[in-house]
Amino acid sequence: MYPARITDEFPAPSYRGNQKQALADIRAAFERGKDVVLVRAPTGSGKSLLARAIAGCARTAGEAAAEQVIDAYYTTPQVSQLDDVAEDALLEDLCVIRGKNNYDCILPGETDTPVNQAPCVRERKFDCQVKHRCPYFSDRAIASNRRIAAMTLAYFMQTAGSDVFGKRDVVVIDEAHGLGEWAEMYATIDLSPGTIPMWHDIDVPDIDGLDEAVAFTERVEHLAERRVKELRQKAELTGEEVAERDSLNTLRQDLGWFREDYTDTESATTWVVDQADGDHAPVTIKPMNPERYLKHTVWDRGNRFALLSATILNKEAFCANVGLDPSNVALVEVGHTFPVENRPLYDVAQGKMTYEHRDDTLPAIARTIVRIMAHHPDEKGLIHCHSYAIQEQLKELLDDFGVGARVRTHDKEGRDGALSAWKRSDNPDVFLSVKMEEALDLEGDLCRWQVLCKAPYPNTRDSRVACRLEDDQWGWYYRTALRTVIQACGRVVRAPDDYGATYLADSSLLDLFDRADHDMPDWFRAQVDRLSAPDLPRFAPDQALSAVSSGTKRRHNRSRSRSGDDNHPLSDVWD
């Protein structure tokens with residue numbers, strides 16, 4: 001790596017904000033011999049441009065000896081972030097490669113078939129005469145030979161050990177704050193009817209402990225292997241059988257890795273097992289702090305690493321979570337350049353939104369939202385509902401209050417379509433969202449205000465969360481929630497001249513700020529220090545609808561798309 005050329009590799013014609021200083025600090029960190037640099041850069045810092053400059057410091061073929069690796073990877077867990085990179089003219093030399101399911105076959109009669117179900121994967125010994133023109137294999141070949149290959153974190157991890165995408169000199173991970181949690185979820189093994197086609201032929205025991213889970217996985221893997229052999233004997237497979245074969249092969253690999261890791265006395269991974277409903281119920285095997293998994297899929301893939309995010313809140317805790325030595329890691333802090341008065345926080349807390357208090361608090365929040373709607377009669381708003389249960393209750397309450405004509409929702413299947421429709425609309429509609437605290441750019445009039453309905457604490461019923469809290473890891477618990485809050489606050493203010501208000505409706509959010517104060521970035525603490533109570537109008541639903549045209553006074557039903565139902569915890573973020 002050649003950090004000295006980082007400014008020459010910056011792709012924009014000029015700097016804005018603190019970019020020039022950030023590049024100097026990043027260069028200095030690498031030149032001090034650090035192998036990993038964490039770049040904590042708030043919304044609007046131009047992280048993708050910084051990422052491109054860092055990637056450009058990788059050795060090239062003309063600069064390397066025969067045994068040295070060259071070039072760079074750019075990766076992000078968020079599909080929307082990769083889409084933004086692909087569309088940015090300043091980043092045109094980042095060569096994007098996606099998974100097979102994103103490409104269509106070009107053979108006659110197969111043009112509506114995704115490559116992962118094309119004849120080359122359906123038919124044994126199929127010889128494709130146009131493989132050199134296949135959009136997937138063509139993009140893969142190009143990306144493998146380009147200076148900077150860009151891909152989602154899922155694809156990056158899946159290609160670990162690949163001959164095509166081997167080790168490179170530099171790896172840049174954008175939106176890296178949740179790397180440990182992404183790895184945990186990605187390495188989670190789900191044993192259920194959705195992942196095991198022969199589920200109903202299995203006598204699923206009541207699993208009490210990891211030893212019983214290991215014995216059960218051996219049985220499952222044996223059945224999966226037998227089914228894969230049956231499929232391989234067929235001359236041609238249907239699309240459904242291809243999906244079944246691939247799913248079972250992935251399951252077999254995961255189960256083998258789990259048992260190997262569990263029996264390794266030197267492994268740092270702790271495993272937990274969930275089986276909520278006892279006998280015959282699905283089983284979930286989850287890793288905690290999967291350092292070994294990250295070593296294979298991430299840390300062995302490069303010589304130097306840059307990890308960028310607005311919310312890497314605590315260097316030591318982050319390093320411990322992802323298996324890095326803090327002494328080999330530098331933290332570069334990039335200051336915020338958006339005026340604090342343009343991103344105000346308002347206290348409209350109506351009580352706690354914990355499960356036992358929700359029925360009392362949510363109606364009060366709904367009334368407050370009506371008042372906020374009246375305060376912003378001609379401006380779009382976003383409500384972070386935290387869960388679909390809260391979204392549904394809130395929608396019913398707002399309908400009952402008579403403001404449903406201005407309210408939109410989404411479900412799991414139609415979230416992208418509903419979001420796009422809301423963003424395109426000229427009406428001042430209010431969007432009740434779930435899990436949209438990250439990777440959402442609502443610059444300008446796309447959204448001028450938002451409400452956080454609930455403090456986004458991790459679910460204590462999740463076995464990983466419960467295990468951490470039993471181990472007294474409360475700092476992790478509060479940091480995780482604070483990170484999500486900070487990410488959410490960045491959705492509506494995207495540029496120095498942009499502005500947007502964030503209303504805090506759960507009193508637990510105020511408590512969170514006190515508990516996690518020592519982990520707050522200075523620029524976010526400045527927002528918290530200015531927290532105030534807004535001067536809202538009285539409760540008047542007709543005022544909330546005053547700017548809605550007569551042609552739009554209708555109920556917006558939950559939209560649906562053909563994207564399919566996917567309950568995987570990463571399905572809203574990864575493709």
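- The backbone N or O of G335 sits less than 3.5 Å from a side-chain atom of N18, completing a donor-acceptor pair.
- Applying the salt bridge (Lys or Arg N to Asp or Glu O under 4.0 Å) test to residues at least two apart or on different chains, the pairs with a partner in residues 293-315 are D35-R304, K295-D300.
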Next on the checklist: Run Y103 and S138 through side-chain contact (heavy atoms from CB on, under 4.5 Å) and show every step you take.
Outcome noted: CA-CA 11 Å; Y103 299 86; S138 176; over 6 Å; no
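- Scanning for side chain to side chain donor-acceptor pair (under 3.5 Å) contacts around S14 gives an empty result, with sequence neighbours left out.
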Item to check | Step-by-step ring-ring contact (aromatic ring centres under 6.0 Å, His included) determination, W299 to F305 | outcome: CA-CA 8 Å; W299 308 130; F305 295 83; 5.1 Å; yes
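- Here L153 contributes atom CG and L179 contributes atom CG; the two are 6.0 Å apart, rounded to the nearest 0.5 Å.
- For R468 and E184, the salt-bridge test passes: some basic side-chain N is under 4.0 Å from an acidic carboxylate O.
- Relative orientation of the F431 and H410 rings is tilted, given thresholds of 30° and 60° on the angle between their planes.
- Among residues two or more places apart in sequence or in another chain, the salt bridge (Lys or Arg N to Asp or Glu O under 4.0 Å) test is passed with R343 by none.
- Judged as a side chain to side chain donor-acceptor pair (under 3.5 Å), and not counting sequence neighbours, the contacts of E438 are Q78, H177.
- Counting only residues at least two apart or in different chains, salt bridge (Lys or Arg N to Asp or Glu O under 4.0 Å) contacts with residues 45-64 comprise R5-E63, E9-R52, K47-E175, R52-D93, R59-D169.
- Atom-to-atom distance recorded for L536:CG and I369:CD1 is 11.5 Å, nearest 0.5 angstrom.
- Of the possible polar contacts, none joining the D517 side chain to the D514 backbone as a donor-acceptor pair under 3.5 Å is found.
- Among residues two or more places apart in sequence or in another chain, the ring pair (Phe, Tyr, Trp, His ring centres under 6.0 Å) test is passed with Y293 by W257.
- If you take OG on S48 and CG on L94, they are separated by 8.5 Å, rounding to the nearest 0.5 Å.
- Note that CZ of R98 and OH of Y155 are 11.5 Å apart. Values are rounded to the nearest 0.5 Å.
- Partners of H375 by ring pair (Phe, Tyr, Trp, His ring centres under 6.0 Å), not counting sequence neighbours: none found.
- For CD of Q68, the number of neighbouring non-hydrogen atoms (other residues, nucleotides, ligands) closer than 6.0 Å is greater than 12.
- Under the rule for a salt bridge (Lys or Arg N to Asp or Glu O under 4.0 Å), D104 has no partner lying at least two apart in sequence or in another chain.
- Counting non-hydrogen atoms of other residues, nucleotides and ligands closer than 6.0 Å to CG of D426 gives a total of 12 or fewer.
- Within the structure, every pair that satisfies the salt bridge (Lys or Arg N to Asp or Glu O under 4.0 Å) test and touches residues 487-499, not counting sequence neighbours, is listed here: D441-R494, R448-D498.
- By the 4.0 Å N-to-carboxylate-O rule, K380 lies too far from D445 to be salt-bridged with it.
- At least one donor-acceptor pair under 3.5 Å links the side chain of R406 to the backbone N or O of P428.
- Residues in residues 135-146 take part in no salt bridge (Lys or Arg N to Asp or Glu O under 4.0 Å) pair, two or more places apart or across chains.
- Residues satisfying the ring pair (Phe, Tyr, Trp, His ring centres under 6.0 Å) test with Y73, not counting sequence neighbours, are F156.
- Crowding of D163 atom CG: a count of heavy atoms from other residues, nucleotides or ligands under 6.0 Å not exceeding 12.
- By the side chain to side chain donor-acceptor pair (under 3.5 Å) test, H376 pairs with E379, Y503, sequence neighbours left out.
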